[in-house]
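One structure is given here, and the rest of the page talks about it.
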Amino acid sequence: RDEGVVAANVVRGLTQPPLPGALTMLNGALNEGFQIKETSEGRPLHLITDAEIFGWSRVASRRPMRPRKRPTTESFFAEIKEGDFVVHTEHGIGLFRGLVQREVAGVTREYLELEYGQGDKLYVPVHQADRVARYVGPSDQEPTIHRLGTADWETARRRAQKAVEEIADELLELYAARATVRGHAYSEDTPWQAEMEASFPYAETEDQLRTINEVKTDMENVTPMDRLVIGDVGFGKTEVALRAAFKAVMDGKQVGILVPTTVLAQQHYTNFVQRLAPYPVTVEMLSRFRTPKEQDNIVERLAQGQVDIIVGTHRLLSKDVAFKDLGLVIIDEEQRFGVTHKEQLKQLRKEVDVLTLTATPIPRTLHMALTGARDMSTIDTPPEERLPVITKASEWDDSTVRRAILLEIDRGGQVFFVHNRVLSIYAVAQRVGKLVPEARIAVAHGQMNEHELEAVMVAFANGEYDVLACTSIIESGLDLPNVNTIIIDHAEMFGLAQLYQLRGRVGRGARRGYAYFVHPRATQLTPESVERLEVMQEATELGAGFRVALRDLEIRGAGELLGARQSGNIAAVGFDMFTRLLQQAIRERRDALERPNEQSRRARVELSIVTAPTVELPLQAYLPDEFIAEEEVRLQLYRRMAEASTLEQVEEIEQEIRDRFGPLPDAAANLIYILRLRVLAASAGVNQIAIDPDSQDIEVQLPGPGPVRMLMEAGILAGRVRFGRRQLYARRAGGPNLWKKELEEVLLTLVTEAGTLAEEIA
């Protein structure tokens, strides 16, 4: 106004000088602007960037955006080592004895050696490695090893099959109720939604964007959402929740955000207020940080629809809290709530959209997500510059504790000292004060007066104290980037998920974090406590939350998931097989619910889990140990290869091997070739590819005589193959390079006709 601006226009490029006295908005990217005092027209020109106007700029990602292989359910059970109990989908429970190379009919291959009862041996080709998974069962007993060639495994599997059919019906009662309820289908994103999301000062990770899209798709569906978002501490779950909440408010709905602690409620409230300040959105908090009078006022305004987003602890579930038009409930760390609260949450799921956030899901939640009873999204890409936290477990040692605190203070940081007993926390704080008299120490616990607790937390966040002696009140969600050392006293008393969450409070920025798990010298640790501490020292990689949850499942016993009556069934077949069977049963019932007009059948769970075609050709096909020396690495690659279902995935694996280990030797190249054939064979409906013992031609076995008849009548592949009743034969003429190429072309031709053949067969 002072400069006499008379008009404003938006342009994509400056093809001519801006109009005199006009404000021109140009779409582009600059870190800072500039000023030209006098242009050729004799006027000054000012260029100001959005970063200078709004005071922030988006942090550009230095991480290359490349496609990531999403983990499959089976891959969580893929980590096996020599001596582990394993389950083969067709032969049952045995012991894994390692990778061995064997020569059969002049061809060298690598196999997984499995040992069964009475010394029976089974050699599994590496391209069938997906049929073998690590055994997970009740923690208090070893499994029964089966004999090859007996009916024991088939009997156990059929008993488990009957059990999963019953469980699938029970688990899907809630799903069926939700499927019949017509919830609110949200509108597509508004311009304000795009504007608010663009204000996020960081580059979203690929996982974040995928999860956000999945959540929005659920919200725009008329069926109430029930999605579990699993992401490590600090991986961006809150941003997912923020965008979902804003989308709900833009459609006139109210949002309730349920958190386990008062401190976390305050943090979420602050974040939401700051991000949504430019918009007409009212955010409030309901916790003991509010006076009774303030709480009454908030509850009244909430019932009248004057509050759009309410952040609160279990106070939100009180009888006096009512919403005018609740549309979305966001639950942070559901496992921290009690049984009564969970029953109330269960009722909410039938009526409104529910989004649950967690870093370490409890075993039952994890199980329901793995089996498909709940929708699940995972965020496993770490933020830029995040470093793994160095973790140490040991007996209490005064010098170690003093050194850890001083090292953090010397680099300008702060320390959490966790002691989870209110009665003795002040005595422990005094002991730490005597050890480190240089440190300024404050105490915080959940039984403090709310104003006193708030004052302590604010002072600590402002750097007025060096050490915060506290209970596990800091466990969930707290984000203080300057705190990068945590010492946990009596670590043997904490659960695995608690230890993981507590460690996640440090190392959240570019500075290295340190976690010390200490226990008294005189304490005799239980085997479970020792195992928990060992897991925490092992699982230090970024994004290890899911792995920790699975180990928690093992330590506590998979039988807990579905009650004692299912412990025997899980023990008999292993958790992985039990999950696969249950997954299939649930999928069939969900399909029947979602497509009721189609002719539905109460399909029995098929036990033939593996449907991948068999490829047996006279080719040396394996990863030579002189090419990849580590057996564990080879086994991991074999598992990934066996799970590949598209040519793109095969190509990705091949490129990764070339990048990591160099040019492929012939045996490795042949293995990649066989993988491509398996993918093409599966797409074409081919059951098996092998050498015909009589003619020595390559026999390609089709699912029935129908496809053979169609191929013959249509003249497809005429002159290139000869036909049998249920198979065709490709010539194995010339050198391997010639017939390998010919066979691949035959399969490619079959794939192009696969759709027509499938319709004809049906």
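- Under the salt bridge (charged side-chain N to carboxylate O under 4.0 Å, His left out) criterion, Asp697 pairs with Arg722, not counting sequence neighbours.
- With hydrogens and angles disregarded, a donor-acceptor distance shorter than 3.5 Å links the side chain of Lys237 to the backbone of Gly231.
- A distance of 9.5 Å separates CG of Leu748 from OG of Ser683, quoted to the nearest 0.5 Å.
- Taking CD of Glu90 as the start and CZ of Arg131 as the end, the distance is 5.0 Å to the nearest 0.5 Å.
- Side-chain contact between Ile230 and Met376 is present, with heavy atoms from C-beta onward closer than 4.5 Å.
- The side-chain contact (heavy atoms from CB on, under 4.5 Å) test applied to Asp666 returns no partner, not counting sequence neighbours.
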Dump the intermediate steps for side chain to side chain contact (heavy atoms under 4.5 Å, CB included) on Tyr673 and Leu743, then the final yes or no.
CA-CA 11 Å; Tyr673 170 76; Leu743 176 59; 3.8 Å; yes
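- Listed by chain and residue number, Glu110 satisfy the side chain to side chain donor-acceptor pair (under 3.5 Å) test with Tyr638 (two or more places apart in sequence, or in another chain).
- Heavy-atom contacts from other residues, nucleotides or ligands closer than 6.0 Å to CD of Glu626 number more than 12.
- In terms of heavy atoms, Gly117 sits closest to Ile145 at N-CG2, 3.4 Å.
- A search for salt bridge (charged side-chain N to carboxylate O under 4.0 Å, His left out) contacts involving Glu632 returns nothing, not counting sequence neighbours.
- One finds the NE2 atom of His146 at 13.5 Å from the CG atom of Leu122 (value rounded to the nearest 0.5 Å).
- Across all their heavy atoms, Leu680 and Glu744 have their closest contact at CD1-CG, 3.9 Å.
- With rounding to the nearest 0.5 angstrom, the CG atom of Asp152 is 14.0 Å from the NE2 atom of His91.
- Taking the side-chain contact (heavy atoms from CB on, under 4.5 Å) definition, one finds that Thr144 meets it with nothing, sequence neighbours left out.
- A donor-acceptor distance shorter than 3.5 angstrom exists from the side chain of Asn221 to the backbone of Thr223, with no hydrogens or angles considered.
- Evaluation of the side chain to side chain donor-acceptor pair (under 3.5 Å) rule for Glu82 yields no partner, not counting sequence neighbours.
- Contact between Ala681 and Ile689 at its shortest, heavy atoms only, is CB-CD1, 4.1 Å.
- For Gln701, the side chain to side chain donor-acceptor pair (under 3.5 Å) criterion is met by no residue, not counting sequence neighbours.
- Residues Trp739 and Ile698 meet the side-chain proximity criterion, which asks for heavy atoms closer than 4.5 Å.
- Between Glu643 and Arg640 there is no salt bridge, since no side-chain nitrogen of the basic residue lies less than 4.0 Å from a carboxylate oxygen of the acidic one.
- Tyr116 and Gly92 make their closest contact through OH-O, 3.1 Å (heavy atoms, listed as atom of the first residue, atom of the second, distance).
- Looking at Glu220 and Lys247, their side chains come closer than 4.5 Å, going by heavy atoms from C-beta outward.
- Between Arg676 and Ile672, some side-chain heavy-atom pair lies under the 4.5 Å cut-off.
- Closest approach of Pro624 and Ala667 over heavy atoms only: CG-CB, 4.2 Å.
- The side-chain contact (heavy atoms from CB on, under 4.5 Å) search around Thr155 returns Ala151, Arg159, not counting sequence neighbours.
- Listed by chain and residue number, His184 satisfy the ring-ring contact (aromatic ring centres under 6.0 Å, His included) test with Tyr186 (two or more places apart in sequence, or in another chain).
- Evaluation of the side chain to side chain donor-acceptor pair (under 3.5 Å) rule for Lys740 yields Asn670 as partners, not counting sequence neighbours.
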Arg634 vs Glu630, test: salt bridge (charged side-chain N to carboxylate O under 4.0 Å, His left out). Steps then yes/no.
CA-CA 6 Å; Arg634 296 206 307 278; Glu630 298 83 358; over 6 Å; no
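- Taking the side chain as every heavy atom from C-beta outward, Glu648 and Glu652 never approach each other to under 4.5 Å.
- Here the CG-CZ distance, from Asp625 to Phe627, works out to 12.0 Å after rounding to the nearest 0.5 Å.
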Using residues 101-109 as the side-chain source, report each donor-acceptor pair under 3.5 Å to any protein atom, sequence neighbours left out, with the distance given to one decimal.
| residue | atom | partner | partner atom | Å |
| --- | --- | --- | --- | --- |
| Thr108 | OG1 | Gln620 | OE1 | 3.3 |
| Arg109 | NE | Leu619 | O | 2.8 |
| Arg109 | NH2 | Leu617 | O | 2.5 |
| Arg109 | NH2 | Leu619 | O | 3.3 |

Ile379 vs Val240, side chain to side chain contact (heavy atoms under 4.5 Å, CB included): CA-CA, chis, key distance, verdict
CA-CA 10 Å; Ile379 304 177; Val240 175; 4.0 Å; yes
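- Considering all non-hydrogen atoms of both residues, Arg678 and Pro613 come closest at NE-O, 3.5 Å.
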Set out, in order, the CA-CA distance, both residues' side-chain angles and the distance that settles side chain to side chain contact (heavy atoms under 4.5 Å, CB included) for Val700 and Asn687, then state yes or no.
CA-CA 8 Å; Val700 180; Asn687 296 331; over 6 Å; no
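- Counting heavy atoms from C-beta on, the side chains of Leu664 and Arg658 come closer than 4.5 Å.
- The distance from the CG atom of Leu623 to the CG atom of Leu99 is 9.5 Å, given to the nearest 0.5 Å.
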side-chain hydrogen bond (donor to acceptor under 3.5 Å, both in side chains) between Arg227 and Ser377: does it pass, once the steps are laid out?
CA-CA 7 Å; Arg227 181 166 290 275; Ser377 300; 2.8 Å; yes
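- In this structure, a donor-acceptor pair under 3.5 Å is absent between the side chains of Glu651 and Gln655.
- Looking only at side-chain heavy atoms (C-beta outward), Glu204 and Glu239 stay at 4.5 Å or farther from each other.
- Taking 4.5 Å as the limit, every side-chain heavy atom of Glu115 sits out of range of all side-chain heavy atoms of Asp120.
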Working for salt bridge (charged side-chain N to carboxylate O under 4.0 Å, His left out), residues Glu206 and Arg210
CA-CA 6 Å; Glu206 180 189 348; Arg210 172 178 42 75; 5.8 Å; no
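- Without hydrogens or angle criteria, Asp353 side chain to Met225 main chain gives a donor-acceptor distance under 3.5 Å.
- By the side-chain contact (heavy atoms from CB on, under 4.5 Å) test, Ala644 pairs with Gln649, Val650, Ile653, sequence neighbours left out.
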Yes or no on side chain to side chain contact (heavy atoms under 4.5 Å, CB included) for Phe96 and Val86, after CA distance, side-chain angles and deciding distance?
CA-CA 6 Å; Phe96 177 60; Val86 294; 3.8 Å; yes
